[in-house]
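The figures here come from the full heavy-atom set of this structure, side chains too, leaving out hydrogens, waters and symmetry mates. All residue numbers refer to positions in the sequence shown, counting from 1. Just so you know, ligand 1 is whichever comes first in the structure, and atom 1 is the first atom listed for that ligand.
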Amino acid sequence: MKIILLGPPGAGKGTQAKFISEEYFIPHISTGDIFRKNISEKTPLGIEAKKYLDEGKLVPDEVTINIMKNRLGMDDCKDGFLLDGFPRTVNQAKALDSYLGSVGQKIDVVLLIDVPKELIFDRMTGRRVCPSCGASYHIKYNPPKIEGKCDVCHSDIVQRKDDTQSTVKSRLDVYDKQTEPLIGYYKNQEVLSIVNGTGGINQVFENVKSNLKDIHK
Ligand code: ADP
Ligand code: ADP
Ligand code: ZN
């Protein structure tokens, strides 16, 4: 199955992606994770991307599209994949369509995680992540077993630099202006499937599975 996860920052894409990837045996590909890994390793890509992430702006399409083409060309993507955080602009979506078309593939479904703005702010500012293994938590809704420590690897968990109040605002703005138009784009292609993202983490996963049940692949 070839799935795109769409939704504002903080909607719960990464959280659901982990479950979906395990349930359907497809690789979870997150552009945000790719950028953050490169930033922590100080690669040339990381050095270039850092200024955009710090300000909550999008990394230029050209850079992002190239990374994704490389990633999608890898062996583990042959039978399916789950894209989390890509595409984020109409340009990226068109580039993805033309890349997939050139290798005889297409997207099966775009899951839009639908969450009202009031919940988003709370989800983003309460998010904590593990800098070592990438696991994600929430201080209220998904706390680690031991306060401040990652359940998986016991490292200290931290707040992402771009999850502070002022950057969150600009990221939501970027979403409205540059990413939201993708909803219409995929509606036109008749692949859009809207998931109610307001419940707890497990409830939302039930909603996801119920939406995916109807997708024949
Ligand atoms: P969130 O999970 O909150 O939606 P991500 O981890 O997906 O955030 O993205 C973090 C940052 O990485 C974005 O604010 C942006 O700077 C950059 N980024 C991620 N995906 C893309 C993309 N497809 N195009 C451009 N920039 C991106
Ligand atoms: P995204 O990848 O869309 O930016 P995340 O999956 O990182 O979003 O989730 C953002 C924050 O909200 C995290 O702290 C996560 O633990 C929390 N979260 C995710 N889904 C839910 C949910 N259904 N209810 C409450 N909190 C959630
Ligand atoms: Zn960890």
**Request:** Assess whether atom NZ of Lys94 is packed by more than 12 heavy atoms of other residues, nucleotides or ligands within 6.0 Å.
**Result:** no

**Item:** Close side-chain approach of Lys149 and Ile157, heavy atoms under 4.5 Å
**Value:** no

**Asked** What protein heavy atom is closest to atom 13 (C) of ligand 1, reported as residue, atom name and distance in Å?
**Response** Arg88 NH2, 4.1 Å

**Request:** Taking only heavy atoms of Tyr141 into account, list the atoms of ligand 2 that are under 4.0 Å away from them.
**Result:** 25 (C), 26 (N)

**Request:** Counting heavy atoms only, name the option from Arg128, His138, Gln159 that's nearest to atom 17 (C) of ligand 2.
**Result:** His138

**Asked** For ligand 1, which atoms, with element, lie under 4.0 Å from some heavy atom of Lys57?
**Response** 15 (C), 16 (O)

**Request:** Answer with yes or no whether the hydrophobic clustering places Val208 together with Phe19; edges join I, L, V, M, F, W, Y residues whose side-chain heavy atoms lie under 4.5 Å apart.
**Result:** yes

**Item:** Nitrogen or oxygen atoms of Gly12 and ligand 2 under 3.5 Å apart
**Value:** yes

**Message:** Is it the case that the side chains of Glu206 and Asn202 hold a donor-acceptor pair, with the cut-off being a distance below 3.5 Å and no angle test?
**Reply:** no

**Prompt:** Any idea which protein heavy atom is nearest atom 6 (O) of ligand 2, and the distance to it?
**Reply:** Thr15 OG1, 2.5 Å

**Item:** Residue of the set Glu41, Arg160, Lys161, Lys50 for which side chain to side chain contact (heavy atoms under 4.5 Å, CB included) holds with Arg36
**Value:** Arg160

**Prompt:** Hey, looking at atom 2 (O) of ligand 2, which of Ala17, Ala11, Gly14 has the closest heavy atom?
**Reply:** Gly14

**Prompt:** Quick one: which ligand 1 atoms are inside 4.0 Å of a heavy atom on Thr31?
**Reply:** 19 (C), 20 (N), 21 (C), 23 (N)

**Message:** Other residues, nucleotides and ligands only: do more than 12 of their heavy atoms fall within 6.0 Å of NZ on Lys145?
**Reply:** no

**Item:** Shortest protein contact, atom 11 (C) of ligand 2 (heavy atom only)
**Value:** Arg123 O, 3.3 Å

**Heavy atom of the protein closest to atom 26 (N) of ligand 1 (residue, atom name, distance)** = Val59 N, 3.1 Å

**Asked** What protein heavy atom sits nearest atom 8 (O) of ligand 1, and how far away is it?
**Response** Arg160 NH2, 3.2 Å

**Item:** Polar atom proximity, Tyr137 to ligand 2 (N or O, under 3.5 Å)
**Value:** yes

**Prompt:** Does ligand 1 have an atom that lies less than 4.0 angstrom from a heavy atom of Glu55?
**Reply:** no

**Request:** Heavy-atom contacts with Val204 under 4.0 Å: which atoms of ligand 2 show up? List them by number with element.
**Result:** 23 (N)

**Asked** Should Lys18 and Asp84 count as an ion pair when the cut-off is N to O under 4.0 Å?
**Response** no

**Asked** Numbering the atoms of ligand 1 from 1, which are under 4.0 Å from a heavy atom of Pro9?
**Response** 3 (O), 4 (O)

**Prompt:** Is Ser21 reaching over with its side chain to a backbone N or O of Ile26, donor-acceptor style, under 3.5 angstrom?
**Reply:** yes

**Asked** With hydrophobic residues grouped by side-chain heavy-atom distances under 4.5 Å, do Leu5 and Tyr186 end up in a single group?
**Response** no

**Message:** Just to confirm my numbers, could you give the angle made at the Zn ion (ligand 3) by SG of Cys133 and SG of Cys153, rounded to 10°?
**Reply:** 120°

**Request:** Can you pull out the closest protein heavy atom to atom 14 (O) of ligand 1? Residue, atom name and distance to 0.1 Å, please.
**Result:** Arg171 NE, 4.0 Å

**Request:** Report, in ascending order of atom number, the atoms of ligand 1 lying under 4.0 Å from any heavy atom of Lys13.
**Result:** 4 (O)

**Test item: Gln16 side-chain N/O and Ile201 main-chain N/O as donor-acceptor pair under 3.5 Å** = yes

**Request:** Mark the output for Met68 as yes if a heavy-atom distance to ligand 1 is under 4.0 Å, and as no if none is.
**Result:** no

**Asked** Under 3.5 Å, side chain of Lys13 to main-chain N/O of Pro8, donor-acceptor pair present?
**Response** yes

**Item:** Side chains of Asn91 and Thr89, donor plus acceptor under 3.5 Å
**Value:** no

**Prompt:** Between Asn38 (side chain) and Thr43 (backbone), is there a donor-acceptor pair under 3.5 Å?
**Reply:** no

**Request:** Give a yes or no on this: more than 12 heavy atoms of other residues, nucleotides or ligands lie within 6.0 Å of atom CD of Gln165.
**Result:** no

**Item:** Arg36: numbered ligand 1 atoms lying under 4.0 Å from its heavy atoms
**Value:** 6 (O), 10 (C)

**Message:** Considering Pro8, Gly200, Gly10, Gly85 one by one, which has a heavy atom nearer to atom 10 (C) of ligand 2 than any of the others?
**Reply:** Gly10

**Message:** Suppose we measure from atom 23 (N) of ligand 2 to each protein heavy atom; which comes out shortest, and what is that distance?
**Reply:** Gly199 O, 2.9 Å

**Prompt:** Closest heavy-atom contact between Val152 and Ala135?
**Reply:** CG2-CB, 4.3 Å

**Request:** Provide, to 0.1 Å, the distance between atom 27 (C) of ligand 1 and the closest protein heavy atom, together with that atom's residue and name.
**Result:** Phe35 CE1, 3.6 Å

**Message:** Quick check on contacts: which atoms of ligand 1 are under 4.0 angstrom from a heavy atom of Thr64?
**Reply:** 22 (C), 23 (N), 24 (N), 25 (C)

**Message:** Test of geometry: compute the angle SG(Cys150)-the Zn ion (ligand 3)-SG(Cys130) and round it to 10°.
**Reply:** 110°

**Request:** For ligand 1, indicate whether the residue Arg127 contacts it via side chain, backbone, both or neither (heavy-atom separation under 4.0 Å).
**Result:** side chain

**Message:** Within ligand 1, which atoms have a heavy atom of Gln92 less than 4.0 Å away?
**Reply:** 22 (C), 23 (N), 24 (N), 25 (C)

**Complete:** salt bridge (charged side-chain N to carboxylate O under 4.0 Å, His left out) test vs Asp163 passes for just one of Arg123, Arg171, Lys169, Arg128, namely Arg171

**Fill in**
atom 21 (C) of ligand 2 has as its nearest protein heavy atom Ile201 CG1, 3.4 Å

